[in-house]
Amino acid sequence: MKYLLFKSNDYHLSLPMDSITKIDKKKPLKKNIIYFQKNKKSTPNFYIITVKNKIFGADYIISEYEYKKDIIENENIINIIGNKNIKGFLLINETIYIILDSNYKIRRRY
Amino acid sequence: MIFFKVMSKTDKNNENIKANNNDDKTTYLMITLKNEKHLIKISNISRIVKFKQIYPLPDTDKHILGVANISGEIIPILNLHLILNIPNKDEINTDSKIVITKYKDFLVGFLVDDVIDMIELSNEDLKKDTTKTLENEFIKGEFIYLTDVIAEIDIQKIIMNFKNKK
């Protein structure tokens, strides 16, 4: 399955490519963008990833990646970390990418 | 890189035999958190590894440092300083170690400043320090060992607490 790998702040994130409708590079205009700020002064180099009815913000896009192995979907890990919007993990060249739910229910908004 | 695995099956068998011959002694790992010595029961430990890159996770509790890739396995890493209310170092020290613990099917890593030794103690060796009131729910007890006061960490309780958090 193909994933889009991207970064927001220090977070290595990913979304399934088949859930993405478009990717734009522009300044955010709306307030309903899912972007994981570490503090209010974070200034994203903004990319807008549109997924169904959600919009994700990214600092930069790493690449598209065809992940051929089984994704890591360990319920015990999700139970400990407590964020049910994380669907699992990709392990690519020793780097861990978080798979976000394309229907992510955000707690913080940009 | 793993620098030692705590116990193999054979070691465990030997340990059981030894324990039976030594009045049910318990083996503990002695660690430090900001110069304070703590004990973790070795039966709760899967392995100890050198510091590995920890990938932070969005929208999680401040006690969760992130996840680390430990020999191809993704393991959540918790901030033991914060859980035990011990003042944290300003930055993560790359000389730190990660103690991987196991309880039921949960593998959880804890970042510790250093691993000192493994010690075998009987209940008689550990004299409970009754002069102090325990200030943290995850400390099982504080003991006087030689000249030090050492706190035993209740790893199972920590894991169950995070598992049940919503």
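Naming convention: chains lettered A, B, ... in sequence-line order (proteins, then strands); numbering from 1 in each chain.
B:I74 touches chain A through backbone and side chain together, each having a heavy atom under 4.5 Å away. In this structure, the portion of B:L78 lying under 4.5 Å from any heavy atom of chain A is its side chain and not its backbone. At a 4.5 Å heavy-atom cutoff, the contact between A:T95 and chain B is made by backbone and side-chain atoms alike. Contacts between A:I86 and chain B at a heavy-atom distance below 4.5 Å involve the side chain alone, from C-beta outward. Within the 4.5 angstrom heavy-atom criterion, only side-chain atoms of A:I98, from C-beta onward, approach chain B. Interface remark: B:V67 contributes backbone and side-chain atoms alike to the contact with chain A (heavy atom separation under 4.5 Å).
Contact record, B:Y55 with A:E94: OH-O, 3.4 Å, taken as the closest heavy-atom pair. For the pair B:G72 and A:L91, the tightest heavy-atom approach, listed with the atom from each and the gap, is O-CD2, 3.7 Å.
In this structure, CD1 in A:I96 is found 8.5 Å from CG in B:L57, a value given to the nearest 0.5 Å.
Using a distance-only test at 3.5 Å, with no hydrogens or angles considered, a donor-acceptor pair links the side chain of A:N76 to the main chain of B:D105. Counting only distance, with no hydrogens or angles, the side chain of A:D10 and the backbone of B:P56 share no donor-acceptor pair below 3.5 Å.
Within a 6.0 Å radius of NZ in B:K37, other residues, nucleotides and ligands contribute 12 heavy atoms or fewer. For B:N35, the CG atom sits in a loose shell: 12 or fewer heavy atoms of surrounding residues, nucleotides or ligands are nearer than 6.0 Å. The number of heavy-atom neighbours closer than 6.0 Å to CG of B:D148, taken from other residues, nucleotides and ligands shown, is above 12. A:E66 CD: more than 12 foreign heavy atoms inside a 6.0 Å radius.
In this structure, B:F106 and A:I80 have side chains that are in contact, with non-hydrogen atoms separated by less than 4.5 Å. Using a 4.5 Å cut-off on side-chain heavy atoms (C-beta onward), B:D59 and A:Y104 make contact. Taking 4.5 Å as the limit, every side-chain heavy atom of B:D61 sits out of range of all side-chain heavy atoms of A:N83.
B:L82 and B:V112 fall into different hydrophobic clusters, where Ile, Leu, Val, Met, Phe, Trp and Tyr side chains are chained together by heavy-atom contacts under 4.5 Å.
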